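Not measured: the values here are computed from a predicted model. All chains are named by letter (A, B, ...) in the order of the sequence lines, taking the proteins before the strands, and each is independently numbered beginning at 1.
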Amino acid sequence: MKILGISGHYHDSAAALVIDGIPVAAIQEERLSRHKNDAGFPLASIEWCLDHAGLSPDDLDAVIFYEKPTLKFDRVLTGLLQGYPHSWRSYPKAMKNMLGEKLWVRGLIASQLGISTRRVRCIEHHQSHAAAAFLTAPTQEAAILTVDGVGEWATLTVGTGTKRADGSSEIRMLRELRFPHSLGLFYSAVTSYLGFAVNEGEYKVMGLASYGQPTRIDDMRRLLRPAADGAFMLDLAFFDFLGKVESGFSDRFVDVFGPPRKSWQPIDLKTDEGRRFADIAASAQALLEEVMVGIATNLRRETGMRDLCLGGGVALNGVANARILREAGFDRLFVPSAPGDAGCALGAALYADRILFGQPHKPVPDHPFWGPVPDETALLRIAREDGIPAVAADRLIEDVADALAADKIVGWIDGALEFGPRALGHRSILAAPHDTVMRDRLNRDIKYREEFRPFAPIVATEHADRFFELPRGGARLARFMSGVVPVRPEWRSRLAAITHVDGTARVQVLDREMEPRLHALLEAYGKRAGVPVLLNTSFNLAGEPIVNTVSEAYSTFRRCGIDLLVAGNVCVTKPRLARAQILENVA
Amino acid sequence: MGASGLQDDPRREAARPSRGAAYFGDFFGMILWPVHRLIWADPQRRARKLLEFAEVEASGGRDLVRAAELTDDPVLRARYLVHARDEARHADMFRARGRALRKETASEGKEGLADWMAPGERGMEGLDLAREKDADLLAFLYLSESAAARDFARYARVIDKDPATRILFQRILHDEDEHKNYARGELGRIAPHRARRLLWWARLRRLWKAYLRFATAFAGVMAGVVLTLQYFLLLPPFAWLAKRNARREKPGWVTLGEGSER
């Protein structure tokens, strides 16, 4: 069967194509439209997926949308009615939003693709998350936990998944928590309070939390309280999900925690105000972890299963993930490369294949590389046109390792684009991880971002335990950079650029089979520097999506402090002129 | 970026705005003068507008980077990248000044007039860059930069009590003039016989987009009014029912049935 999965209309749209049970293409719309977190209908992604497989829309057996718009409309309308009359400002906006396009998504998809609406189906949002987490994981049975802001009604679900010997698969959702009681919305409200953009800045809260102490956790517990049945509930007096849709927190929240940070206000951790924000972040993070670990522990006891598959946007919280793995009693924790809404496109397609159409389960290749492959000859052409030295190198790995050892910053674009928010070795900026000078250089010349945000390391599986304190199952969790673990104390000074202030790192543990060239580069670098670890950050500038094509990598290379650009076997070196000077000369 | 050296180019001369166009430019400037003065007199609104301009410039810069990535012409690639760098610099300047004003007024400043009442530069206006030809894009850029230069000159004229912001506009105005010149020069280079036609076509497209913007904003306001009336006139009984049901709901887990379908 040929099944197209689509997610979109909220944030981070994507499309994924599954043929005969195996994914063949998946991509986020932002990587093609070049608008970060593009929430529009993912037409470019759909076109790319179909082109990649040589299909036309008529060839598709089914198109699956990742959530049920009527259920979502039900939730939105009910919420607005319950908030009457305070929801009067939100009502017109919400109705225009829903009635304008979102409610008619089946018709929209059918008209955009020129197919019958009978071939378009919708499944529930958290079913998509659960399928993305479980059906892509190399496990036969697992407990499933999905946590995000909100889907239709559900904000958190628990269940189980089974792949049987006869080829059939089952995803059984046991319980759910419903809007407005949401861990994701709780964290987003804190994100907004701390002056970061909702659905974008949550990972900044996690980074900031390491600088603070959870001194306000008791206050946080007033916001998010345990329910009698072991779940939790939000005290809605502290939140305003209807009146202040953009912020989510109420005046009472401000009464308890003080004035919110304004988005333009820098966080100076040397000041009382800066430390107050860090403590609030630490408190929210600690409570989130506590609740997640509690739910996961109960799920382990209830199901007796040894593996846990975690999905939803909250699964991007690597600190919480690592704590679940350490404390909840599971042997392995599987988080897909795209646990958020983009990954629902793949989840929806796989759910339809295995569950709706009852096709036999097939193992999904255990890697995140489902996007376009770069054309390295284009780099040769562009660089030569611009008079910048470019070579097709014979001993490229050795040359790049030499450059990294000489403190050069390398833009690395190789193979199919990753599906998900992390650069996992195919669209990465690589650098030596040893000192804070490199970290500051990357922040200053490339990322232009806050100093409290850490960089991530990448290490080969066989060396990971030497440098990082991986819990049991930690290498699996770190396969897609989904866990934050301590750097071994004896290595912290030699890995200063990737060691966060609390001694941790969001490490990627790389299997040779998953990416042999990058593995070879790590080995070659290790021979030179004595430490086979590299700093690995996403290949993009602030406010831009991760690069996709060679020309995007090249323009990024031209605009920032990257010294060397590598695409496949082609290497471009930036001349020893100031960047501005190069641009002036060419102009 | 220095002067482009194309000022005496006869092709550029041919496309210079006619006296009529210049008159209308001033005419509209005259009519809009009180509106601009109103907008820019209030420091909080001024801060908001500057921060919006920062976003527009940053977005325009990203669009130019995209244009550089898509073009096959190495000269244009370099031009677009330089232009993108300027836009990013402008965004930084607008942002810094907007933030400074916000600090002075201690405001988060979400208030203000509807955006379509305050004309300003609008970047690439949502052009689909992948489908645009270089010549069309350059024509669009030329007009866009010309409009920006004209608007920024007007703003600089009405801001008499805030010299820092006025100087900022004057500095950026200088760059916009240079961008306008290079766009016109490159348009003459790659489409020497079609430049005037392309410029008129681009003017019509801008006009159409302005109409669409206005129509969308107007439709939005109308829909808002109708829905607000509906909210207060039709919804109260349903709201009462929804609240009654909400009171009966217990917080906590909702157990799902077999197959998990609702």
Side-chain angles (χ1 to χ4, degrees), chain A residues 34-35 44 68 71 77-85 87-88 91-93 95-96 124 127 152-154 157-159 171-178 181 227-234 246 260 262-265 382 385-386 543-544 549 551-552 554-556 558-559 580 583-584 586-587, chain B residues 1-2 51 58-59 62-63 65-66 68-70 72-75 77-82 84-85 88 95 98-99 102-103 106-108 110 129-130 182 220 223-228 230-232 235-236 238-243 245-246 249-256 258-262:
Chain A
R34 310 307 299 157
H35 297 295
K68 292 188 170 175
L71 272 181
L77 188 58
T78 306
L80 289 164
L81 290 172
Q82 288 172 355
Y84 192 93
S87 55
W88 73 275
Y91 179 78
K93 205 186 289 182
M95 287 302 110
K96 278 189 271 181
E124 286 187 31
Q127 284 173 336
E152 294 92 356
W153 276 100
T157 64
V158 295
I171 291 179
R172 190 159 166 254
M173 311 300 269
L174 302 171
R175 293 185 301 279
E176 68 182 26
L177 283 171
R178 290 188 177 170
H181 305 291
D229 59 0
F232 63 85
M233 53 195 275
L234 296 185
E246 297 84 3
K262 294 181 169 62
S263 56
W264 43 265
Q265 189 181 351
I382 297 170
E385 281 173 357
D386 286 0
E544 297 179 9
T549 64
S551 59
E552 289 153 20
Y554 177 77
S555 86
T556 306
R558 289 278 301 270
R559 289 178 291 136
L583 292 169
E584 296 289 351
V586 181
Chain B
M1 189 171 74
L51 290 169
S59 159
R62 284 194 288 273
D63 283 344
V65 168
R66 188 72 187 137
E69 289 162 0
L70 292 168
D72 288 327
D73 184 324
V75 176
R77 187 184 307 131
R79 290 282 196 198
Y80 290 151
L81 285 176
V82 173
R85 186 197 58 189
R95 197 173 295 119
R99 285 176 177 176
R102 284 229 161 135
K103 259 187 191 170
S107 151
E108 186 72 16
K110 287 195 170 105
L129 294 165
Y182 100 77
V225 169
V226 170
L227 286 165
T228 304
Q230 184 193 57
Y231 182 86
F232 286 111
L235 263 51
F238 300 103
W240 179 79
L241 286 171
K243 286 182 180 192
N245 286 344
E249 276 177 15
K250 285 182 188 167
W253 292 114
V254 175
T255 304
L256 300 172
E258 279 298 311
S260 77
E261 292 282 346
R262 281 166 202 279

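Looking at Arg77(B), the atoms closer than 4.5 Å to chain A (heavy atoms on both sides) all sit in the side chain, from C-beta outward. Interface residue Leu174(A): only backbone heavy atoms are found under 4.5 Å from chain B. At a 4.5 Å heavy-atom cutoff, Ala68(B) makes no contact with chain A through either its backbone or its side chain. With a 4.5 Å cut-off on non-hydrogen atoms, Tyr80(B) does not touch chain A at all. Neither the backbone nor the side chain of Leu234(A) comes within less than 4.5 Å of any heavy atom of chain B. Heavy atoms closer than 4.5 Å to chain B are found in the side chain of Ala227(A), but not in its backbone.
No more than 12 heavy atoms of other residues, nucleotides or ligands shown are found within 6.0 angstrom of CZ on Phe238(B).
Atom-to-atom distance recorded for Gln82(A):CD and Glu249(B):CD is 6.5 Å, nearest 0.5 angstrom. To the nearest 0.5 Å, atom NE2 of residue His35(A) and atom CZ of residue Arg66(B) are 9.0 Å apart. The CZ atom of Arg172(A) sits 10.0 Å away from atom CG of Leu256(B), with the distance rounded to the nearest 0.5 Å. A distance of 8.5 Å separates CG of Asp73(B) from CD of Glu385(A), quoted to the nearest 0.5 Å.
The minimum heavy-atom distance linking Ala242(B) with Thr78(A) is given by the pair CB-O, 4.5 Å. Closest heavy-atom contact between Ala223(B) and Lys96(A): CB-CD, 3.8 Å. In plain terms, the two heavy atoms of Glu69(B) and Arg559(A) that are nearest each other are OE2-NH2, 4.4 Å. The minimum heavy-atom distance between Ser555(A) and Leu81(B), with the atom names listed, is CB-CD2, 4.3 Å. Shortest non-hydrogen contact noted between Gly543(A) and Arg62(B) is O-CD, 3.9 Å. Residue Asp386(A) comes nearest to Pro74(B) through the heavy atom pair OD1-CB, 3.9 Å, listed as atom of the first residue, atom of the second, then distance.
Partners of Arg99(B) according to the salt bridge (Lys or Arg N to Asp or Glu O under 4.0 Å) rule, which considers only residues two or more places apart in sequence or in another chain, do not exist here. Residues passing the ring pair (Phe, Tyr, Trp, His ring centres under 6.0 Å) test with Tyr231(B) are Tyr84(A), Tyr91(A), sequence neighbours excluded.
Ser551(A) places none of its side-chain heavy atoms less than 4.5 Å from the side chain of Leu70(B). Residues Trp253(B) and Val158(A) have side chains in contact (heavy-atom distance under 4.5 Å, counting atoms from C-beta outward).
Most heavy-atom pairs under 4.5 Å with chain A, from the set Pro236(B), Gly220(B), Gly98(B), Ala88(B): that is Pro236(B).
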